[in-house]
Amino acid sequence: MQDLVIEPASNGDIDSIDEIEQHSFKSPWSKSTFEGELLREWARIDVARMGTRLVGFCNYWLVTTELHILAIATHPDFRGQGVARAVLDHVLDVAKKTGCSLATLEVRRSNRPAIALYERAGFKTVHVRARYYQDDGEDALVMLRGLTE
Ligand SMILES: CC(C)(COP(=O)(O)OP(=O)(O)OC[C@H]1O[C@@H](n2cnc3c(N)ncnc32)[C@H](O)[C@@H]1OP(=O)(O)O)[C@@H](O)C(=O)NCCC(=O)NCCS
């Protein structure tokens, strides 16, 4: 894989984040949602770049001692090259450094690539939220990982 740089997003990244979002999710969030995330004290978006190309991102919250991952996505042209793994490792590291002891997330029950990504990073399913997603009533798996080990 070409060198990957992972760093906090800025407003100039919103169009590229939106492009990846549109390619990646059934009910994509709007650009204004991501603009809002850049303003919230507890919210972060980190982006992965290969050269000048933005190839992936992760939107997450750091709330007291908890990391909550809202979204992670890789541009379809760059999937299967370890981008999400690198971004997730980076985010887990940031959370540990800020004193988080627990990481949580929800994922669609049918999203095998994402579930495999999270399991590979040490997350375990602890709960199923029935009909959690409003667009199609799909169940969510709630996954957790301790960050102190
Ligand atoms: C899930 C997603 C982020 C993975 O991104 P990626 O950059 O292609 O993933 P990586 O190449 O870093 O793969 C890391 C691990 O994820 C898992 N994985 C990734 N793609 C997979 C696939 N198509 N099938 C099964 N496992 C997969 C594997 O465990 C892989 O580890 P390995 O390479 O050692 O087998 C990407 O498919 C995506 O953007 N999907 C749409 C958005 C989404 O559903 N996000 C998750 C919910 S927020």
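Note that the structure is predicted; figures quoted are calculated from it, not measured. Counting starts at 1 for both ligands and their atoms, following the listed order.
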Chemist: Can you check whether a protein heavy atom sits less than 4.0 angstrom from atom 31 (O) of ligand 1?
Modeler: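 Within 4.0 Å of atom 31 (O) of ligand 1, protein heavy atoms are found.
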
Chemist: For S24 and R79, test the side chains for any donor-to-acceptor distance below 3.5 angstrom and give the result as yes or no.
Modeler: yes

Chemist: Taking C100 as the fixed residue, which of T148, T64, L147, L92 is the one that meets the side-chain contact (heavy atoms from CB on, under 4.5 Å) rule?
Modeler: L147

Chemist: Indicate the ring-plane relationship of W29 and F34, choosing parallel, tilted or perpendicular according to the 30° and 60° boundaries.
Modeler: tilted

Chemist: When you measure from atom 19 (C) of ligand 1 to every protein heavy atom, which one gives the shortest distance, and what is it?
Modeler: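 Checking every protein heavy atom, the shortest distance to atom 19 (C) of ligand 1 gives P113 O, 4.1 Å.
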
Chemist: With a 4.5 Å cut-off on side-chain heavy-atom distances among I, L, V, M, F, W and Y, is there a chain of contacts connecting L88 to L105?
Modeler: yes

Chemist: Does Y118 have a non-hydrogen atom less than 4.0 Å from ligand 1?
Modeler: yes

Chemist: Heavy-atom distances under 4.0 Å decide this one: backbone, side chain, both or neither, for L105 against ligand 1?
Modeler: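 Neither; no heavy atom under 4.0 Å.
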
Chemist: Test of understanding: given a 4.0 Å heavy-atom threshold, classify the contact between R120 and ligand 1 as side chain, backbone, both, or neither.
Modeler: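 Near ligand 1, R120 shows its side chain, while the N, CA, C and O stay back.
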
Chemist: Verify, without hydrogens or angle tests, whether E138 (side chain) and S110 (backbone) share a donor-acceptor contact under 3.5 angstrom.
Modeler: yes

Chemist: State the atoms of ligand 1, each with its element, that fall below the 4.0 Å cut-off from a heavy-atom position in A71.
Modeler: 48 (S)

Chemist: Would you call the rings of W61 and H68 parallel, tilted or perpendicular if under 30° counts as parallel and over 60° as perpendicular?
Modeler: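 Ring orientation, 0 to 90° scale: tilted.
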
Chemist: Side chain or backbone of Q81 under 4.0 Å from ligand 1, or both, or neither, by non-hydrogen atoms?
Modeler: backbone

Chemist: Could you tell me the residue and atom name of the protein heavy atom closest to atom 14 (C) of ligand 1, and the distance to it rounded to 0.1 Å?
Modeler: L117 CD1, 3.7 Å

Chemist: If I compare all heavy atoms of L62 with all of V94, which pair ends up nearest, and what's the gap?
Modeler: CD1-CG1, 4.4 Å

Chemist: Checking the N or O distance criterion of under 3.5 Å, is ligand 1 in contact with G82?
Modeler: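 Right, the criterion is met.
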
Chemist: May I ask you to list the atoms of ligand 1 that are less than 4.0 angstrom from any heavy atom of N111?
Modeler: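 Within the 4.0 Å cut-off of N111, ligand 1 contributes 43 (C), 44 (O), 46 (C), 47 (C).
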
Chemist: Just to confirm my output: which protein heavy-atom neighbour is closest to atom 33 (O) of ligand 1, and how far is it?
Modeler: R85 NH2, 3.4 Å

Chemist: At their closest point, which heavy atom of A43 faces which heavy atom of E37, and how far apart are they?
Modeler: CB-O, 3.3 Å

Chemist: Less than 4.0 Å between atom 35 (O) of ligand 1 and some protein heavy atom, yes or no?
Modeler: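 When distances to the protein are checked, atom 35 (O) of ligand 1 has no heavy atom within 4.0 Å.
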
Chemist: In the protein, what heavy atom is nearest to atom 7 (O) of ligand 1, and what distance, to one decimal place, separates them?
Modeler: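 Ranking protein heavy atoms by distance from atom 7 (O) of ligand 1, first comes T74 OG1, 2.8 Å.
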
Chemist: What atoms of ligand 1 come within less than 4.0 Å of a heavy atom belonging to A114?
Modeler: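 Those atoms are 1 (C), 46 (C).
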
Chemist: Under 3.5 Å between any N/O of G80 and any N/O of ligand 1: does that happen in this structure?
Modeler: yes

Chemist: Would you check whether I72 has a nitrogen or oxygen atom less than 3.5 angstrom from a nitrogen or oxygen atom of ligand 1?
Modeler: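 So ligand 1 has an N or O lying under 3.5 Å from an N or O of I72.
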
Chemist: What do you reckon, is NZ of K96 surrounded by more than 12 foreign heavy atoms closer than 6.0 Å?
Modeler: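 Enclosed.
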
Chemist: Minimum heavy-atom separation for D46 and V91, please, with both atom names.
Modeler: OD2-CG2, 4.2 Å

Chemist: Any atoms of ligand 1 less than 4.0 Å from a non-hydrogen atom of S24? List them with their elements.
Modeler: 41 (C), 42 (C)

Chemist: To the nearest 0.5 angstrom, please state how far the NZ atom of K26 sits from the OH atom of Y133.
Modeler: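 Those atoms lie 11.0 Å apart.
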
Chemist: Taking atom CZ of R131 as the centre, does the number of heavy atoms from other residues, nucleotides or ligands within less than 6.0 Å exceed 12?
Modeler: no

Chemist: Considering only protein heavy atoms, which is closest to atom 26 (N) of ligand 1, and at what distance to one decimal place?
Modeler: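 Heavy-atom neighbour on the protein nearest atom 26 (N) of ligand 1: A116 CB, 3.5 Å.
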
Chemist: Can you tell me which residue and heavy atom of the protein come closest to atom 2 (C) of ligand 1, and the distance to 0.1 Å?
Modeler: A84 CB, 4.4 Å

Chemist: What residue and atom, counting heavy atoms only, is the protein's closest point to atom 37 (O) of ligand 1, and at what distance?
Modeler: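 So the nearest neighbour among protein heavy atoms is R79 CD, 3.5 Å.
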
